[in-house]
Each structure stands twice: as C-alpha cells, then as structure tokens.
*Asks:* 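Pasting a structure here, questions to come.
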There are 2 protein chains.
Amino acid sequence: MNTLAEENYLKSIYHLSLNAESVSTNQMAALLNTKASSVTDMLKKLAEKELINYTPYQGVTLTAPGEKIAINIIRKHRLWEFFLVEKLNFKWDEVHEMAEEMEHISSNELIDRLDKFMGFPKYDPHGDPIPDCDGKFKTHDLKPVSAIDVNAGGVICGVRDHSPAFLQYLEKQGLTIGKQICVTDIIEFDRSMVLKMENKTVQISREVANNLLITL
Amino acid sequence: MNTLAEENYLKSIYHLSLNAESVSTNQMAALLNTKASSVTDMLKKLAEKELINYTPYQGVTLTAPGEKIAINIIRKHRLWEFFLVEKLNFKWDEVHEMAEEMEHISSNELIDRLDKFMGFPKYDPHGDPIPDCDGKFKTHDLKPVSAIDVNAGGVICGVRDHSPAFLQYLEKQGLTIGKQICVTDIIEFDRSMVLKMENKTVQISREVANNLLITL
DNA sequence: TAAAAAATTTAGACAAACCTAAATATTTTA
DNA sequence: TAAAATATTTAGGTTTGTCTAAATTTTTTA
C-alpha cells in the first residue's frame, strides 16, 4: 500500500482539483504545511507510481488510480466523522483532527462494515457527501447564502470553511445543517445579511454568508 | 507525543515483561520482526526519554511513565477489538491486525467515549482485561486447561496463543469464551485431553490445552 | 576456568520525508 | 518584449528507523 504521506498528498491534490484544472506546487505546499521543494520530491515519487500526471512547472492532476485512492481516503474520513458525531456525540467542530488520523486505517472491509453499521449515511456532519464503497457520490447543488436575494431562502446543507472557529460560531447562532433560513434584508453599508430562521432573526457578515451553503 | 515505532517498542516491552523480570534485545527483535541492532538503537532513544531503564547488555524494564504509555496503548487496542467484534460483527480471529493500527489513534477523549459507548467492557474478545481510563485492570486468575485434573473443570476465559489459526480452531470446536468445560479423560500416550462441554465431547492436544485458559 | 558460543552493541549505510539555499523556468509588468 | 517578480526545481543536508558486518560482552560448556 501507500505511505501516510503519499495518501495525504493524493487527498490534497483531489481537494485542490475541485477548484481548478490542475494543482500547483505552491498550493500543495500551503495546504500540506510543507515546503515547495518537499512537494516536488513527492510529486516525482507519485508520478513514478503513476498516481498523478506531472509535468515539471506545469502542475499536477490525478490519474484514475490516484483519484480512486484519494476518494477512498475521503470516504473513510467522512464516515469516521459521522461515527464520531452520531455515535460518540462529538460536536461537528471537534472531529476533523481525529478523522485525519482515522482515515488512514487501511482495512476496506472495516470501513464498509462501519458504513453499514451507521445505515449508509449520505452526508457527513458538515454536509459533505460520503462516497459509497465504489467511490460514487452525488454532490447536492448548493450555493452560498451570499448569492441569494432578499426574500429568497433555503435549507442549510453545507459549509465552505471547516475551521472549528467558524463551525462554533454557526453552532452558537443556531445555523446548523438542516435549518430552514430566509434572507429578510441586506445591509447596504457592508452587505451583511439578515436571516430569519425559526422565528428568530440572525445577522451575519458577508464573510459568513459566503461560507454558508444552502440548497437551491 | 511518541512516534508509532516508539509506541510499538513500549508495548512489546510491556508484553514481554509479563513473563520475565527484564526483557532482552533478542526477545524484542523477534517480537517486533526486526534486527537486534535496530532494537539497541531504539532502546537508547527510549532510555534518553526516560521511558525505560536500560543498562547495555543487561536488558530493559519500563519506567512508570513508560508503563503508563504502554498500558494506554493496550487499552486502545482491546477497546477497538471489542468494538470490531461487538459492533461490526467481526470474528475474534479477524480483529488483531486492524486493532494494531487503531491503537495508535492519539485522542484519549475518543477512546474514553468509545469505552462509554460500549458500556465500559471489562474484557476484550479474547478474554484479556481492558485497562480503564486510569490504567487499572484486574486480571482474573486463570490456568491452562493442561494444568487441571480429570473431573475438574471451569469456564473458558482466555487464550495464550492469539494467532488466527488457533482461534479459528477453537471456534470450530466450540471452545469459545464463556463456555463451561470439564476434563473427562487424559490419554496416557500423548497426554491429550478429553473435554465435555454442552453434552458434547471434544478431544484436544496437549498443545491446545496449554493455550486455553479457564477460571479456577 | 579458559575456550567456544551466543547475545549485544557499535560502525557505517540506506530510504523516506523533510529542510535551506541556490539555480532555473515561467509569468507579470512596465 | 526585456527586466523584475514569482514559482518551481535541483543540490546538498538532516532525522527516523531500519539494515549488514564487525567488534565486544556475557554466558555456556568442556
């Protein structure tokens, strides 16, 4: 199998690929908290194993086998997060670091049984889709709250920022997955948004609105 | 925290210490599937950290902090084994390798919640005691079936050999944890033993009897 | 109890994954 | 479009944990 470092690189390439055609060395270095030169070393190794397509100076994409590995790690990460929240009662802002370790437990049989044990959940505690054992998943069509108009609304189904600070803030405001919200006003001065939810009114900054995702 | 290799060395020293005052380099090399020279290197490192008492050529013992770490790893190992068998329906011969990885998940909060989730089990699927969150546990007083006489008996409460082959054999014979057995005969030729259990008769070799543990 | 055998340690290397500093390639900008 | 800025790679090291081979210590045995 692959080393822990290799798995983390593949996962990072997958995540960064969602926002761009190909992934740059510096992007990876930033995400992995390492140096560009270390990234280059590893890219050569992964290219050698044919898990990525790598042309020096031109960035990187995953090959089909590389993507399969990346999605499997993400499946494990999200299933463990679901387990931690649903079975062990952790909060959604507490589980990322633990899942970051647990995603590297190698057995697929284990993860498939865990999946079954929890009833084949489709989304993790942050609203991200959980790939099934064949790597398939459907992303629901979300948009940030910042993209909708006054009087429009929807159901909170995801977040763009996964930091504990942001998640804790949302929790405190009651802005959690599944809540129905409606935009009642947009403050002209700073474009902050006033939301109605469960007969309460909550005002959020543009920054927050940008990172809070709802169904169409 | 400590590295994976360090944790595995401490765990091995703990296990080997149960059968002897101090642990030798070669014993460790055999258990860890590595070379004596590699063991020496690591012992120096662990001694430097004051996790072991090490005098060159004289073997090794754990210090109090070293033992605490070792017991915590064993606690994690056994709780995960319990989880795998009780919640994910793995068999007792299938869980060791998986738990070998899972025991290194660092969060103690996680393991304490897992413990609670499962109702604070006292013994793992092989009958080994699970240390509580303070590292305390009581070993029940067991003896091998080979040490009892005709007409004596007891309840199966543990095994000495944890290999899948041995566990599968026991499973097939119905010799599992909790079963009441009674020795009805000892064959003089090879000292193999005839057991009665649940109105069935099972004959086991001396080798098997040596590795099957019952309550006094 | 001295020689032989066994166990252990030391010395010197190696691979993985990282680093800094220097070199090179690409992109931006004036 | 050439110089400047930025991005990336190369070169040369470091640490961790392993290895083989040689040296040393301890134990066994005759």
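The structure presented is a predicted model; accordingly, all values stated were derived computationally and were not measured. Values below: all heavy atoms of this structure, side chains included; hydrogens, waters and symmetry mates excluded. Letters go in sequence order (proteins before strands), and every chain restarts at 1.
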*Asks:* Tell me: CG of N33(B) to P of dT18(D), nearest whole Å?
*Replies:* 11 Å
*Asks:* Does the cation-pi check pass for K87(B) over F83(A), that is, NZ or CZ under 6.0 Å from the six-membered ring centre and within 45° of its axis?
*Replies:* no
*Asks:* Indicate whether any N or O donor in one side chain lies under 3.5 Å from an N or O acceptor in the other, for Q203(B) and S192(B).
*Replies:* yes
*Asks:* Rounded to the nearest Å, what distance is computed from the CE atom of residue M42(A) to the C1' atom of nucleotide dT8(D)?
*Replies:* 17 Å
*Asks:* Respond yes when some side-chain nitrogen or oxygen of K35(B) is under 4.0 Å from OP1 or OP2 of dT20(D), and no when none is.
*Replies:*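 Answer yes for this pair, as a side-chain N or O of K35(B) is under 4.0 Å from OP1 or OP2.
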*Asks:* Give the table of side-chain donor-acceptor pairs shorter than 3.5 Å for residues 66-74 of chain B, with sequence neighbours excluded, one pair per line with atom names and distance.
*Replies:*
none

*Asks:* What distance do I181(A) atom CD1 and L212(A) atom CG have between them, rounded to the nearest 0.5 Å?
*Replies:*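 Reported to 0.5 Å precision, the distance equals 6.0 Å.
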*Asks:* Summarise protein proximity over nucleotides 6-11 of chain C in one line of letters, 5' to 3': B for base, S for sugar-phosphate only, - for none, counting protein heavy atoms closer than 4.0 Å.
*Replies:* -SBBB-
*Asks:* Give a yes-or-no answer on whether the side chains of H104(B) and N8(B) include a donor-acceptor pair shorter than 3.5 Å.
*Replies:* yes
